[in-house]
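Notes follow the structure.
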Amino acid sequence: MTDTDTKDDAPAGLSLLARQLLERLPLPVMLLDSQARVLLANAGMQTALGAGLEGKPLTAVLRHPAVLDAVGAALASGGHSDVSFSIAGLVERHYEAHIARLDDGLVALLLHDITAIRRAEQMRADFIANVSHELRTPLAALFGFIETLQGPARDDAAARENFLNIMAREAARMRRLIDDLLSLARIELNEHVPPQGRVALEAVVRQAAAALAPLAAGDDISLRIESVPLQEIVGDHDELVQLFQNLIHNAIKYGRPGGEVRVTLGQESGHVFAAVADDGEGIPREALPRLTERFYRVDVKRSRERGGTGLGLAIVKHILSRHQGRLSIDSKVGEGSTFTVLLPEPGAMEKPPKAPDILPVTELL
Amino acid sequence: MMTDHTVKSFDEQLQALSAAVAQMGGLAEAQLAAAIDAIARRDSGAAERAVAGDVRIDALQQEIEERAMKLLALRQPMAVDLRDTLAAIKIAGELERIGDLAKNIAKRALVLNREPPIRLTQSLGRMGKAAQNQLKQVLDSFSNRNADDAEAVWQRDGEIDEIYNSLFRELLTYMMEDPRTIGLCTHLLFVAKNIERSGDHCTNIAEVVYHMVKAGYLNARPKADITSETSVPYEGRA
Ligand SMILES: Nc1ncnc2c1ncn2[C@@H]1O[C@H](COP(=O)(O)OP(=O)(O)OP(=O)(O)O)[C@@H](O)[C@H]1O
Ligand SMILES: [Mg+2]
C-alpha cells in the first residue's frame, strides 16, 4: 500500500486514491482493458482467483462463458449486467459477477462469493429430499398392507397376523426415524453450548453395553469391555451413553455373528479414548469419509433390513463436536472395524467458543 | 467474444489462439457442469442447456482448427511456437469430445428425470464433481503453462476410475436384485462411463499440456479400471 509508483499499465486517470480504495475494498474487483486483459486486480480478486492476474487475458483467469459473454457485450456496447457462475474444485465455489463498462472504455468486474448461501440451500434441499424418501418407503409398505387387509386378505386370519407384524415393524421404523431426527436436532441446537457434567467414561460405556446385551446375545456375539482407571471427563452423560450405544449397536449389527465386540478404554496425551472394535465385514475404503453423513449407508438394503436409519453416526459426530472430541475409523474389509472416540481431559478442554450471533438455520432442521 | 480478427503479429495470433482454447475450455466446463447438475439435481433445465450448448463448442473447435492451420501454413512456427499451435488443435479436439459426452449425459438425464429418483444418482454426482475438478485443473495448467499441475491431473485419474468401479458393481447388484430396474440402470451405467471417459480426455489434455511446456512425454499411466474383469450377465439395451 506504500507503493506510490504508478505502474506503466495503470489505467489512465485512475488516481492514487482510487487505486488505494480499490485495493482495500473487501470485495474482489478487477479492471479490464479494451482487449479484455486484466489491468488491475485487487487483493480480494487475487484471493478469489489466484495471484499474478494482472497482464493476463481474462480467458486465462476466468473462462466461464457467462462471464466472457457479459464482458464481451459490455466491451462492444456498454452497459452492465449481472451473471452467476460456479467454479469447480474440491470445494465448488459459487459467484455472482457484476460487470459494467466505465466511461473510459474499461470494464469493471466485481465478484460476490455466494458459496455459503448456495451450500446452505443445497443442504436444506438434500435434507428434505432424504427425509421424505426415508419416510415414504415405510409409509408405502403400510398402505400396501392396509389395502390388502381391506381387500383380498379381509378374512384370512393367518395373513392378518403376519401383515400386522410387518406393519408394526414399519411403523416402528418410522417412529425411530422421527426420534433420531429430533434427537439430532436437539444435539445440534446445543452444539455450541459446552457440556457441564462430570462423567466417568467407563460407567457410560457399561451402561450403553448393558442396554445392548440382549441384542448381542441374539447374534451370539460376546461383548467385552476392558479399561484402566480413568480420569473423569467433562461431558453430558445421556449424550455420551447415546454415542456409545450407536457405536456398539453398529459393531453388533455389522459384526460377525458368533464373533466378538470389544471396547477398550484408556488415556493418553491429554485424551481419554474408547475404541469399539468388531470382527465383522469391515468398510470399504472409499466409504470411510462418508460414514458420518446423514442417511449414508454402505449397503442401504442391509441397513434397512436391520431397522437402521443411517443417522447413527451423524448423531455420534455432532455429540463429539459438542464435546470437542474426535472420531477415527480404522477398518479392513473382511477383518473388522474399529471406531475410536477421543475425548479431551478436563484440563485439555478449550475455552468455550463464542456462540455465533445467528444460528445457521439449516443446522436446526 | 475474445476472438479478435484484427490481430497482426505472430505472437498476438498465438495468444489469441490460446485465448480461444481457454474460452472453449470454459464452454466445456459449463457444459459438463450442466450435465452433472442435470443428473445429480434432477435439473432438466440444465440438461436442455447442455444439449443446446454443444453447437457452440463445435463451432469454436472448427474456428480454432482453421486458425491453427492458417498459422501453420503461413507462419511455419518452430519449437515452442509449433508445440503451442499443435497443442491448441489437440486440446480443442479433446474438449469437443468432452462436450459430446456431456451432451450425451444430459440426454440420458432427460430420460432419468422422468422416472422416480434413484439414490445412486448421488454417487454419479460425486463422480461428476471429480471429473469437473480434473477438467478445471487441467485447463488451469494450460493457462498457467504449468507442467507440474498437468502431471498432477494425469496422476489423479485413478480416483475417478475407483468411483467408477465401485459404482459399476453397485449398479450390477441393483439390476440383479430387481430386473425391472435394468432399463434405468443401463442409462446410469452409460452416464458413469461417459463421466469416466471425460476424465480420460482430461488426462489426454494433461499430456498435451505437459508436452507443450516441457517438450517431453508423460507415459505409463497406471490404470485402475478393472471393471472388464467383473462379468455379470445382464440383458439391457445400450
Ligand atoms: N462397525 C461397522 N462395521 C461395518 N460397517 C459399519 C459399521 N458401523 C457403521 N457401518 C456402516 O456405516 C453406515 C452408517 O452407520 P449409521 O450408524 O450412521 O447408520 P445405520 O447403522 O445404518 O442406521 P442407524 O444407526 O440409524 O440405525 C452403516 O449403514 C454401515 O454401512
Ligand atoms: Mg447405526
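Lettering of chains follows the sequences in order, A, B, ..., and the numbering in each one begins at 1. Since this is a predicted model, take the numbers as computed values, not measurements.
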Could you have a look at A125(A), A60(A), A287(A), A66(A) and say which one has the most heavy-atom pairs with chain B under 4.5 angstrom? A60(A)
Evaluate the criterion side chain to side chain contact (heavy atoms under 4.5 Å, CB included) for residue pair Q35(A) and Q15(B); output intermediate values, then yes/no. CA-CA 12 Å; Q35(A) 300 294 309; Q15(B) 278 174 15; over 6 Å; no
What part of [X] lies closer than 4.5 angstrom to a heavy atom of chain A: side chain, backbone, both or neither?
| X | answer |
| --- | --- |
| N144(B) | side chain |
| I163(B) | neither |
| K129(B) | side chain |
| Q134(B) | neither |

In this structure, CG of L58(A) is separated from CD of Q23(B) (nearest 0.5 Å) by 10.0 Å
Residues 72-84 of chain A, side-chain donor-acceptor partners within the protein, below 3.5 Å, at least two apart:
{"from": "S77(A)", "atom 1": "OG", "to": "A73(A)", "atom 2": "O", "distance (Å)": "3.1"}
{"from": "D82(A)", "atom 1": "OD1", "to": "H98(A)", "atom 2": "ND1", "distance (Å)": "2.5"}

Heavy-atom closest pair (K136(B) atom, R63(A) atom, distance to 0.1 Å) is O-NH2, 3.3 Å
Contact summary for G89(A) and N133(B), nearest pair of heavy atoms: CA-OD1, 3.2 Å
Other residues, nucleotides and ligands only: do more than 12 of their heavy atoms fall within 6.0 Å of CZ on R126(B)? yes
Hey, which of V21(B), L27(B), T173(B), L139(B) has the most heavy atom pairs under 4.5 Å with chain A? L139(B)
Checking heavy-atom separations under 4.5 Å from chain A, one finds in residues 28-48 of chain B E29(B), A30(B), R41(B)
